[in-house]
Amino acid sequence: MNDLLNQLGLVGDWMTSSKQWHGAEGIPQRLLEHLTYSGLSLLFAALIGLTLGLLVGHTGRGAFAVASVANLARAIPTFGLVVLVVTLAGLSTTPVLVALVALAIPPILINTFEGVRGVDPATRDAARGVGMTEWEVLVRVEVPMALPLILLGLRVAAIQVVATATIAAYPGLGGLGRFIVDGLSRNDYELVIGGSAVVVVLALVVQILFTALRRVIVSPGLRVSASKS
């Protein structure tokens, strides 16, 4: 208990220090860098994962291939991928983005696919029966009913990316991981614990934002059904 209190005290002292909130190495600048890596990675992953998930979920074609690729991507070690791309492409943001996009695609892709495929076939047939085109069936019927799972995939991906974007510091880039890497190299555990605490808080904020978004855009009936399942 004393160790925990001491660590909490270190975090409090570190975060309330004025020098941590100013300059190129302060929390605001590192947070902005971290959000940039995370936001770009999630955007690219969503474009790929949502597009493939909706297409395969609606048509049913290529389901086995998509699941296989997604599971393969999950097995790739993120840090190892960063090192590999740095070796091939040199030091830049590219290795970090490639690794984070590869990490984020599987939960988005799989949950989108499962959400669309899980729509009751009778509901699809009824939509087609009233004259809807395939595009209208997808956009007006399947996507709204699949929203709980789609948002779940995006939320899981976002939290994973925010937590893992600390790897950007290993090849010499910025982000909140800079506090952790620099703290370890200097044996400055106050810096390590403080940087880790900021990452945890950011991940909790992402969780809260997606929970609020779900309550706003998902109909109450679908929220209840998703909770029961």
Pairwise side-chain contact, F179 with V199, heavy-atom cut-off 4.5 Å (strictly under)
no
Which Ile, Leu, Val, Met, Phe, Trp or Tyr residues join L149 in one cluster when any pair of side-chain heavy atoms under 4.5 Å counts as a link?
L152, V156
Same cluster (ILVMFWY, side-chain, under 4.5 Å), V206 and I27
yes
Are F113 and F64 connected in a single hydrophobic cluster, I mean Ile/Leu/Val/Met/Phe/Trp/Tyr linked by side-chain heavy atoms less than 4.5 Å apart?
no
Would you say L154 and L202 are hydrophobically clustered, going by side-chain heavy atoms of ILVMFWY under 4.5 Å?
yes
Heavy-atom donor-acceptor pair, R124 side chain to V119 backbone, under 3.5 Å
yes
Any side-chain hydrogen bond (donor to acceptor under 3.5 Å, both in side chains) involving residues 101-113? Give me the pairs, sequence neighbours left out, ordered by first then second residue.
none
Establish whether I105 and V56 are linked, either directly or via other cluster members, by ILVMFWY side-chain heavy-atom contacts under 4.5 Å.
yes
Hey, what do you get for CG (L109) to CD (E114), rounding to the nearest 0.5 Å?
10.0 Å
Looking at every heavy atom in both P148 and R214, which two are closest together, and how far apart are they?
CB-NH2, 4.4 Å
Output the distance between atom CG (L55) and atom CG (L50), rounded to the nearest 0.5 Å.
12.0 Å
Can you confirm whether R128 is buried at CZ, in the sense that more than 12 heavy atoms of other residues, nucleotides or ligands lie under 6.0 Å from that atom?
yes
Are any non-hydrogen side-chain atoms of L151 and I217 less than 4.5 angstrom apart?
yes
Same apolar cluster: V200 and I193, side chain cutoff 4.5 Å
no
Straight-line distance of T36 OG1 to L31 CG, nearest 0.5 Å:
9.0 Å
Can any side-chain N or O of Q29 pair as donor or acceptor with the backbone N or O of G26 at less than 3.5 Å?
no
Would you indicate whether the side-chain heavy atoms of V205 and L209 approach each other to under 4.5 Å?
yes
Find out whether V137 and H58 are in side-chain contact, i.e. whether some heavy atom of one side chain is under 4.5 Å from a heavy atom of the other.
yes
What distance separates R178 CZ from L191 CG, expressed to the nearest 0.5 Å?
10.0 Å
Can you tell if the side chain of L54 reaches within under 4.5 Å of the side chain of V116, non-hydrogen atoms only?
yes
With rounding to the nearest 0.5 Å, note down the distance linking CD1 in I180 to OG in S185.
12.0 Å
Can you list, pair by pair, the side-chain donor-acceptor contacts under 3.5 Å of residues 37-48, counting residues two or more places apart and other chains?
from: Y37; atom 1: OH; to: G174; atom 2: N; distance (Å): 3.4
from: S38; atom 1: OG; to: H34; atom 2: O; distance (Å): 2.9
from: S41; atom 1: OG; to: Y37; atom 2: O; distance (Å): 2.7

Once you round to the nearest 0.5 Å, how far does OG1 of T164 lie from CD1 of I159?
11.0 Å
